Structures are given as C-alpha cells and as structure tokens.
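Notes for the one structure printed next.
Note that the structure is a prediction, hence the values are computed from the model and not measured. Lettering follows sequence order; numbering is per chain, from 1.
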Amino acid sequence: MTSAHAEHVNGELPHEPEKATLEGRNKTLGFWLFLGGEAVLFGTLFATFLALRNSNNDGPTAAELFSLPITAIATAILLVSSLTSVFAIQAMHRHDLQKLKVWLIVTVALGLAFLGLEIYEFYEYVAHESFGLTTSAFSSAFYTLVGFHGAHVAFGVVWIGLLIAQLYRKGLTVVTAPKVYVSAMYWHFIDVVWVFIFSVVYLLGKVG
Amino acid sequence: MDWLTTVDHKKIGILYLIAGGFFFGIGGIEAILIRLQLIKPMNDFVSAQVFNELITMHGTTMIFLGVMPVIFALMNAVIPLQIGARDVAFPFLNSLGFWTFLFGGVLLNLSWVMGGAPDAGWTAYTPLSSSTYSDSHGVDFYTIGLQIAGLGTLIGGINFLVTIITMRAPGMSYMRMPMFTWASFITSAMILFAFPAITVGLVLLSFDRILDANFFDVAAGGSPVLWQHIFWIFGHPEVYILILPAFGIISDVIPTFSRKRLFGYSSMVFATILIAFLGFMVWAHHMFTTGLGPVANALFSIATMLIAVPTGIKIFNWLFTMWGGQISFPTANLFAVGFIPTFVMGGVTGVMLASAPADYQYHDTYFVVAHFHYVIVGGLVFGLLSGLHYWWPKMFGRMLSEPIGKWTFWTFAIGFHLTFFVQHFLGLLGMQRRIVSYLPNQNFDTLNLISTIGALLMGVGILLFLYNIIITSKKPKNAKADPWEDGRTLEWSIPSPPPEYNFKQTPLVRGIDALWKEKMSGNKGMTPAEPVGSIHMPSPSILPFIMSLGLFIAGLGFMFSREGFNNSFMSFIFNNYLVLIVGLLITFGAMITRSLIDDPGYHIEPEDQEEEEKA
C-alpha cells in the first residue's frame, strides 16, 4: 500500500511532506471524513442543548450563570491557538523544525490555559451556584455539550504533546508530517466548534 | 495468534463472517424462542420479562451484530478486489474496527448471564429504558455494548470511503465501479453521517441511567421525544445502510448469471445516491403517532413515499437486465431473483405505512413487523445469502454444494413467506407487537401457528447452509479464478482465494465490467498497469485487539460504577472508577505505543510471488 513510503523517508523532504506518500494523503482524507462525522456528533449535541436550554427545573438559568468576560477570554485564547497552529504548519512547509516545535508548544500551552479557565468555570458553578449535571435538563445538556468540547481539547493537548515528543525523537519526516498536519486540522475543528458554543450557549444564554 | 494480529482485509472479512454468523445464530435462536412462545394463545413457555428481553435482543443482535458484520465481511472480502487495490487504506484501523465490534457484541450478550438482558425494545424508547422502568443493568449493556460496537462500524465506514476514493486501479473511474462497490461507498458515507447521532444518543442515555442526568426525564425538564428524534435520525438511515449493500450484491449477481451488462448502470448509481439522501430526510415517519402535528406528518409522509421512485428504478433495471439474457440459476442467482418479489412486497407495505393517517391503524401491530421483516429478511438476508454463495469460492477457494444450496433456498424462502406473509393479516386484525401472549378465538390462533412453523422452516434452511459450509470446508481448494465462468468484474481475474497482495500487477481498467470487456476483446486476463515488482505490505499487530479489550474493560467499569457489591474488593475497584480507569489506560497505552513505533511493514519480492502462485 505504501511502496513510496520507505524510499521517501531517507530521501529529500518535499515542500508539503504531509502529502508526499499515499499513506499521508489517505490520512488527511480519512481525517476530513472523520471530522464530517464529528460535525454530526456536535450537531446532535447542539440540537439536544437547544431543545433543553430553557428546561432549568427551578435551578439556575443561563442568564444567571454565565459570565461573558471569562468566556470571551477563553474564546480569544482558543482563537489565537488556532493561529499558532497555522504558524506551526507554515514552519513545517519551510522545513523549519525548530519553529515547528516552538509553535506547537505555544499551541499546547494555550490549549491548557483554555482548559484551566473551563475547569475554573465548572468548579464555580458546582461549588457556588449548586449547578451540577443532575440539577436540570438544561444543566445536563450544558455539561455534556461543553464537556464534550473540553474533552476534545484535552485529547488534542495530549495528542499534540505526544507529537512534539515524536518531533524531538524523529525530526520531520514523511511519517511525522501527516500526523502534525492532521492534528492541526483537528485543532481548527475544535476551535470552530467553540465559536458555535460561544454563540449558541453563552451569547444566546445571556441575551437570547 | 495469526488471526488475532492480522491486518489483511481478506482475513478480517473472514473474521467478520465468523463473528457475524455467530451472532446471527444467537439472534435466530431468539427469534425461534419468540415464535415458540406465540405458537398458541395464552402460552407460558417464557415469562413476560424474558419475552421482553428476547424481542429486544433479537432486534438489536440481528441489526447491529448479525447482518452489519456480514455486510462488512463481504465489503472487506470484495471491495479491494473489485477496485483493483492491494489492500484497504487503513489496514490497522480495519483490524481495530473488527475487534471493537466483537468486544462490543460480546459485552452486549454478556447481559444474558450477568443479571438480565436489555428489555426496552431494540429502539430503547425512553422512559421505558430509563432506570425507573428498566432497573436491571440490561439497558446499560445495550448503551455501552452498542457504543463500542458502533465505533467499529464508523471506523470501517471511513476506511472504505478512503479506500474507494484513493486506491482504485488506473482506469477505474467512478462510473466504471461495480455496483457492489458503489453501494458500499454510499453505505459508508451514510454510516459516517448516521452513526455519530446514535453515539450521542447512547451517551445521553447512559448519562441518564448511570450519572442521573435528566435528558429524557420529564420531571426535570427532559424530553422523551428527543430520544426518538436522535434514535431515528440514525435509525432510519441505518435501514438503508443495511439494504443498499444488498442492492449492490443483486446488481452484481444478476448480470453475471444473465450474461448481460447491468441495464441502466448510471441510473442505478444515481438511484442509490438518491435513496441515501432521502434516507436521511424521513426519520419522523417512525413518529407519526407521537403528535408532531399534521404539517410535519404530511411532509415526512410525502418524503417517505418519494423513496419508492428510485427504488422502483432499481427493480425495473434488474428486470430489464434479465430480459433477453441467458439466465442460469445457481443458488446465488436463486436468492438474487427471489429477492426481487419479496423486496417489492416489503416496499409496497412501506408505502402503505408511509401514509400518516393509515399509520395510526397499523402502528405497533404485526403489520409493521411483517413490513420490516419483508424488507430486512426478504431483502437484506436474501441479498447476503446470494452474495455469500456467489463470492464463497473467491473467499475460500472452494465451491459450495449446489444441490444443498437449492434446498437452502427453497426451505428458507418458503419458510420466510410462511412466517411473515400471515403477519400482515395478524396486524390488520389487530394483533399488537411486543406483547407476550394473546387471548384465544380472536382469529389469531391459526395464523400464529403457521407463522411459527414458517420460522422453524427458515431455521432448517439456515442449518442446511451451515451443513453446506461444513462439508465444503473438507473439499480440496480447487475453485478456479473465475468459477462461474461469466465473471464480469476484477475480483474474478485473480486466483481463488487471492494471494496476500491480491494483484501481482495492478490491472489496467478499460471499461465497465473490466474483466468481461477483456474477455470480449479475446484477451486471457487483465492487462497490467505496472511491471512486476516488490510489493510493500503492512505488518500484523496485536494492538487493535488490546485497544478493544481496554474499551471492553472500561465499559464494564463504567456500567457497574454505582453497583452495591457484597464484596468489598469489588466495591472498591468498581465504585472508585478504578476498573474504568484501567480499561482506558490500556486503550490509550496501546494508542500511544502505536504512535511511537513506526510500522516499516515488509516487502514481498517477485521471487516469493512466483512461489505463492505455484503453491
């Protein structure tokens, strides 16, 4: 399946190393398709949230809970991390391994900052607002949707972290390049999902 | 051990066949028990609780663990061969998909011996499936077992999509692909967009049951109708995910045994795409009686009836393919031709059910049961049996016995009509589905007796098929490359069973029905598109097995995390989520191992290829 695979590894690295082998191209295409499935997954979660967002069962409502400044900061952090992952891919296309690693580390750090804010937010709700998973249908839908996104961010942080370790060990090759490229696609995807969460959950909850 | 680590699509196809066949057998036994309970009025063969478990597990097992894997078995065995590829795009993931399916299925069936099977119907309608009304662990086995198995299906779908998009042989344009490959392609796309919805549904239901969330709990603001929407936005496409591959098989079998090219090939392709599209647009026709209102009911009613148009195109194309052909009737073609009238009957009752006002009468009666069994058994199972008889020599190198095959067909087909034809009338007379028994002298007695006899006869048909497989497995492997002698597509151009690398040289495709085209030009075989050379293959790996095992352990850990055990050690490891964590660590550990160790694969050199050919 990858007769070109072995030869390229030791040869000269092409401009777009992620597309140099059939395996790499398959990976990218397969990942695009996977993201299509993920879009349905989040679509279903959004639909669930929209159906239940006013069913607060005497518990706190969205307007009482949400604080836009914190989520706005979280949004800014995540958007910037998408930009830094673009810088990483650009560095990869220039074959600049050093910059690639640096930008990936920055991306992971921003992802961790975002997660920290989210954990703080959830902690505040549970500890001070008595708003837990079991409070109401709204709370169940909120924690499931936002928590699923958070779990995706956490997964991405671990994943890109492991890729950085691989880059240190193996450098940039036609084997590692598709992995980096695909993880950047993933990162953009969870960023896009967050934009929807910010609009549908937080903005709509505060003013809608 | 070889079988635990294999990443070869042909072997994985055989694994799917064995595992799917096994679960199909379990689902069949459940069906026979259901029919034995209903053989006479006021029967007390099984208790009402066990009856609920039987109907739930029969539906769930047959759809998710019986027919889906057999479809995947044929896809794995055939698609790469039909498009002239050496393998699938992601051999490792292919293996992972199989093992997650198997462990999910095993988990689901463990429920029989671990305190009660799911008992809320295969649709798991809330609130019946909530912990209030279903307080054993049955539905937990359902949500978590299906979650793990569904992961395998999704992986398989993506794998086939990429394989078909990127790995077709030179000249194999989209409009030259065999219909089974086309159907599998569309099916895979449907899997990709339907399965994530049920993933979410199952997560929500497990959260409701295990973590006391409130998605479907009306008292806390949840909505049971939400479950129905999520279930059917997956569930309706799912029935087309099941039937489209059968259409594909029929479209390959009928031209072969008619010695004619498929009539209206391009209309077949577009009809398939149209059916898939409409399949996503009609989910609420399962919900006419939930009170969505006349506008929604009318729209979904009309959209549903529209599906009859592309389906009708297909039916007529098959008939026109046979028209004027030199038809022969080996078992494969018997099932294919037998499929056409049975499927049409299922389709006609489908249009009847699609009429919303009439549906208020048919709703939850045996008329519905008769309808979907005509489509799924009379359509899909006929298609699968056709495909299995047709590709058996390609998969195993041995021809199934034709005389036994004919007995299989006639007993199965007659048993099928006996079982389900009368159920239409039972339904119209008012017999409800999902009910453990019925009172005597309501005109139900004789028809139920006939139905049960039919079910037993179908069982005999399946046993004959098993007997056929057993005696065939003792014969020498002497099937020819093109055992039907009228093979039209690429899989018949290579030895039976194919060597590990499928094609020694990638073939050059010069038209639709590539092999037939070469035969008609007087050529012996396909023209190669590349010189003989060293072939790169991926290495086998045990990691998919370990990853799936980890998920299996994690699933059990999550399910019993709130259980009150008598044993303090058990309470400690389950109630503190230790089992869940260990399971996830196994899975993630295997994933990390996979990512850190590159697979260089190995090469099969031309000399070894010669040797394999002689052997």
Side-chain angles (χ1 to χ4, degrees), chain A residues 1-7 9 22-23 25-34 36-48 51-59 132-141 143-145 147-148 155 158-159 162-163 165-166 169-170 173 175-176 179, chain B residues 85-91 93 154-155 157-159 161-163 165-167 188-189 191-201 203-204 207-208 211-223 225-226 229-230 233-234 533-538 588 591-592 595-596 598 600-601 603:
Chain A
M1 40 152 263
T2 52
S3 44
H5 173 204
E7 291 119 61
V9 174
L22 177 63
E23 199 174 27
R25 289 192 298 275
N26 278 348
K27 228 174 223 176
T28 312
L29 176 64
F31 205 80
W32 271 112
L33 295 170
F34 170 74
E38 287 267 274
V40 177
L41 185 124
F42 277 105
T44 313
L45 286 170
F46 274 110
T48 304
L52 302 177
R53 73 187 190 93
N54 292 321
S55 307
N56 52 300
N57 191 31
D58 299 333
L133 182 75
T134 58
T135 307
S136 60
F138 161 60
S139 77
S140 300
Y143 281 114
T144 308
L145 171 59
F148 248 73
F155 183 84
V158 175
W159 180 13
L162 283 167
L163 284 181
Q166 277 193 55
R169 273 186 51 207
K170 298 176 189 162
T173 67
V175 179
T176 50
K179 296 182 181 179
Chain B
R86 291 233 164 84
D87 208 333
V88 291
F90 307 112
L93 283 185
L154 186 63
I155 291 172
I158 292 178
N159 197 358
L161 281 172
V162 178
T163 305
I165 292 172
T166 66
M167 299 178 74
S188 304
I191 287 174
L192 177 63
F193 293 116
F195 268 72
I198 194 68
T199 302
V200 170
V203 165
L204 303 185
F207 279 13
D208 261 18
L211 303 177
D212 291 332
N214 307 309
F215 292 104
F216 309 120
D217 180 4
V218 181
S223 161
V225 177
L226 179 65
H229 279 296
I230 294 177
I233 195 105
F234 145 79
S534 155
I535 298 169
H536 182 259
M537 304 295 291
F588 283 114
M591 284 168 78
I592 291 169
S595 86
L596 290 181
D598 285 326
H603 286 80

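- Of the possible donor and acceptor atoms, none in the side chain of B:Ser188 sits under 3.5 Å from a partner among the backbone N and O of B:Ile158.
- With hydrogens and angles ignored, the 3.5 Å screen pairs no side-chain donor or acceptor of A:Thr134 with any backbone N or O of B:Ala213.
- Contacts between A:Ala51 and chain B at a heavy-atom distance below 4.5 Å involve the side chain alone, from C-beta outward.
- Looking at B:Phe588, only its side chain comes within 4.5 Å of chain A, counting heavy atoms on both sides.
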Could you walk me through whether B:Ile155 and B:Phe90 satisfy the side-chain contact (heavy atoms from CB on, under 4.5 Å) test, starting with their C-alpha distance in whole Å, then the side-chain angles of each, then the deciding distance to 0.1 Å, before giving a yes or no? CA-CA 9 Å; B:Ile155 291 172; B:Phe90 307 112; over 6 Å; no
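- Under 3.5 Å, the side chains of A:Asn26 and B:Thr166 contain a donor-acceptor pair of N or O atoms.
- Taking chain B as the reference chain and counting heavy-atom pairs below 4.5 Å, the highest number among A:Gly30, A:Ala47, A:Ala39 is found for A:Gly30.
- At a 4.5 Å heavy-atom cutoff, the contact between B:Leu211 and chain A is made by backbone and side-chain atoms alike.
- Looking at B:Thr199, only its side chain comes within 4.5 Å of chain A, counting heavy atoms on both sides.
- Top candidate by heavy-atom pairs under 4.5 Å with chain A, chosen from B:Leu596, B:Leu161, B:Ile165, B:Leu93, is B:Leu596.
- Within the 4.5 angstrom heavy-atom criterion, only side-chain atoms of A:Leu52, from C-beta onward, approach chain B.
- There is no contact between A:Thr176 and chain B, counting heavy-atom distances below 4.5 Å.
- Chain A forms more heavy-atom pairs under 4.5 Å with one residue of B:Gly221, B:Ala85, B:Ala189 than with any other, namely B:Gly221.
- Aromatic ring centres of B:Phe207 and B:Phe215 lie farther apart than the 6.0 Å criterion allows.
- Proximity to chain A (any heavy atom under 4.5 Å) is restricted, for B:Leu204, to the side chain, taken from C-beta onward.
- Between the side chain of B:Thr163 and the main chain of B:Ala89, a donor-acceptor pair closer than 3.5 Å is present.
- A:Thr135 contributes no side-chain N or O that, together with a main-chain N or O of A:Gly59, makes up a donor-acceptor pair within less than 3.5 Å.
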From CA spacing to verdict: side-chain contact (heavy atoms from CB on, under 4.5 Å), A:Phe148, A:Leu41: CA-CA 10 Å; A:Phe148 248 73; A:Leu41 185 124; 3.9 Å; yes
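- Using a 4.5 Å cut-off between heavy atoms, A:Phe155 contacts chain B through its side chain alone, with no backbone atom that close.
- Ranked by heavy-atom pairs under 4.5 Å with chain B, the first of A:Arg169, A:Glu38, A:Gln166, A:Lys27 is A:Gln166.
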